[in-house]
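Here the structure comes first, spelled out in structure tokens, and everything after it is commentary.
Not measured: the values here are computed from a predicted model.
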Amino acid sequence: MVQQLVVLGATGSIGQNTLDVVARHSDRWQVFALTAHRNVDRLLEQCLRFNPVYAVVVDPDAGRDLELRLANSASSTRVLVGATALLEVAQDERVHAVMAAIVGAAGLPATMAAAYAGKRVLLANKEALVVAGDLFMQAITKGGAELLPIDSEHSAIFQSLPMDRARWSVDVDHIILTASGGPFRTWEPAALRQVTPEQACAHPNWVMGRKISVDSATMMNKALEVIEAHYLFGMEPDRIRVVIHPQSVIHSMVQYVDNSVVAQLGTPDMRGPIAYGLSWPERVTSGASALDFARLQGLTFEDASSPGHQQRYPGLQLAWDSMRAPFGTTAVLNAANEVAVQAFLDKRIRFDQIHLVNANTLERVLPSQPSNLQDLLELDKQARAVAHEWLARCGTD
């Protein structure tokens with residue numbers, strides 16, 4: 001049976017890769033809805049190619065523009081406008097799976113809606129778990145949803161764990177997230193003051209959006225992934241490790257109690273984990289290139305906790321610190337980081353000041369037992385305000 005798919009964040013890199021996989025298997029998946037914030041040009045192209053039932057545009061002006069342009073085409077796609085429409089398509093009873101690929105906390109409400117509606121949630125949005133944590137996992141349980149990780153690292157861990165989830169807490173000693181180290185892995189820490197947004201967005205291995213590319217350069221993406229892994233796999237903070245692996249061939253590993261290590265390998269192409277998430281427990285072709293072991297020149301590893309790397313990536317430790325703090329602290333960290341990264345991309349702060357924004361915000365915003373999504377969104381708002389205060393007071397041109 002052909003399954004209906006919603007792609008939240010269709011115009012981003014994950015969304016585009018998802019549609020590439022879907023196009024290879026039109027007998028298995030049909031696009032029910034595509035969503036974007038305001039990228040009308042790319043969304044129009046996607047609508048003309050996949051003819052979804054709905055196209056959702058959050059920005060009202062961009063939505064009206066898309067509606068006018070589709071009216072002059074052969075497409076039957078109906079345009080919906082506003083953030084509420086994201087929830088509507090995510091929980092539509094005709095939908096089987098939802099690719100959650102909206103960057104940042106903005107994608108959280110729709111992803112939660114998909115969870116409560118019992119969908120297969122393909123989680124490419126780190127913030128759902130970093131911000132909502134236990135509340136999001138409760139939504140998955142209450143809705144009877146399936147949660148499949150799409151981040152390459154978490155997909156690798158999922159593929160390396162026992163099929164029987166009950167064995168995860170018994171057979172597994174710890175999990176190991178790999179990190180490329182980003183473009184500044186060999187730079188002297190003092191030189192990071194001079195990093196430009198263009199340099200930070202030039203990832204050596206992966207093709208990604210600007211925000212996540214900066215997060216990779218600071219290793220904040222790995223900090224967020226550590227938090228995400230804690231909730232996804234029920235692992236205590238001290239059972240999650242990080243190792244730097246510059247080649248990005250081993251995507252992550254699981255070390256068992258007998259000291260055996262199971263790893264998942266592949267080329268650095270997001271279509272692999274996307275295809276696995278869509279088709280699990282089966283496998284389908286993804287379009288990703290196969291590894292050529294004869295041409296591999298070696299796999300190397302570095303200790304992420306070495307003194308040099310601690311200076312290059314001071315934000316990585318914030319993952320474990322925030323997980324051991326009161327619930328909601330990880331939401332504060334995420335909000336501060338989003339503000340800081342955007343300020344860096346706008347050239348309002350230096351690259352090395354991203355960590356200062358995050359650390360200062362964590363010190364000043366103390367969560368007061370958030371118990372629902374609205375509480376978390378208010379906490380997110382408060383943290384952003386404090387981060388902006390720091391920028392106004394201490395930011396550099």
- Message: Please check: side-chain N/O of Ser216 versus main-chain N/O of Ile212, any donor-acceptor pairing under 3.5 Å?
- Response: no
Rounded to the nearest 0.5 Å, the NE2 atom of His230 sits from the OG1 atom of Thr330 at a distance of 8.5 Å
### Query
Do Leu129 and Ile102 share a hydrophobic cluster (ILVMFWY, side-chain heavy atoms under 4.5 Å, transitive)?
no
Shortest non-hydrogen pair, Val81 vs Pro60, comes out as CG1-CA, 3.5 Å
Point to revise | Phe136/Tyr231 aromatic ring centres below 6.0 Å | key: no
Take Asp352 and Arg312 through the test salt bridge (charged side-chain N to carboxylate O under 4.0 Å, His left out) and record every step on the way to the result.
CA-CA 9 Å; Asp352 61 310; Arg312 290 183 190 91; over 6 Å; no
Discussion item. Please confirm whether the ring centroid of Phe351 lies under 6.0 Å from the ring centroid of Phe184.
Written reply: yes
For the residue pair His245 and Phe301, does the interplanar ring angle fall in the parallel (under 30°), tilted (30 to 60°) or perpendicular (over 60°) class?
parallel
Quick one: does Leu44's side chain get under 4.5 Å of Leu48's, heavy atoms only?
-> yes
Tell me if a side-chain donor or acceptor on Thr178 pairs with a main-chain N or O of Ile250 at a distance below 3.5 Å.
yes
Test side chain to side chain contact (heavy atoms under 4.5 Å, CB included) applied to Leu148 and Arg120, step by step
CA-CA 7 Å; Leu148 279 297; Arg120 170 170 288 195; 4.0 Å; yes
Check: How about Trp390 and Leu356: do any of their side-chain heavy atoms sit closer than 4.5 Å?
Finding: yes
field: Contact check, side chains of Leu80 and Glu88, non-hydrogen atoms, under 4.5 Å
entry: yes
Q.
Before you tell me yes or no, could you show the steps for Leu19 and Phe50 under side chain to side chain contact (heavy atoms under 4.5 Å, CB included), namely the whole-Å CA-CA distance, both residues' side-chain angles and the distance that decides it to 0.1 Å?
A. CA-CA 9 Å; Leu19 293 175; Phe50 293 95; 3.7 Å; yes
OG (Ser289) and CZ (Arg271) are apart, to the nearest 0.5 Å, by 7.0 Å
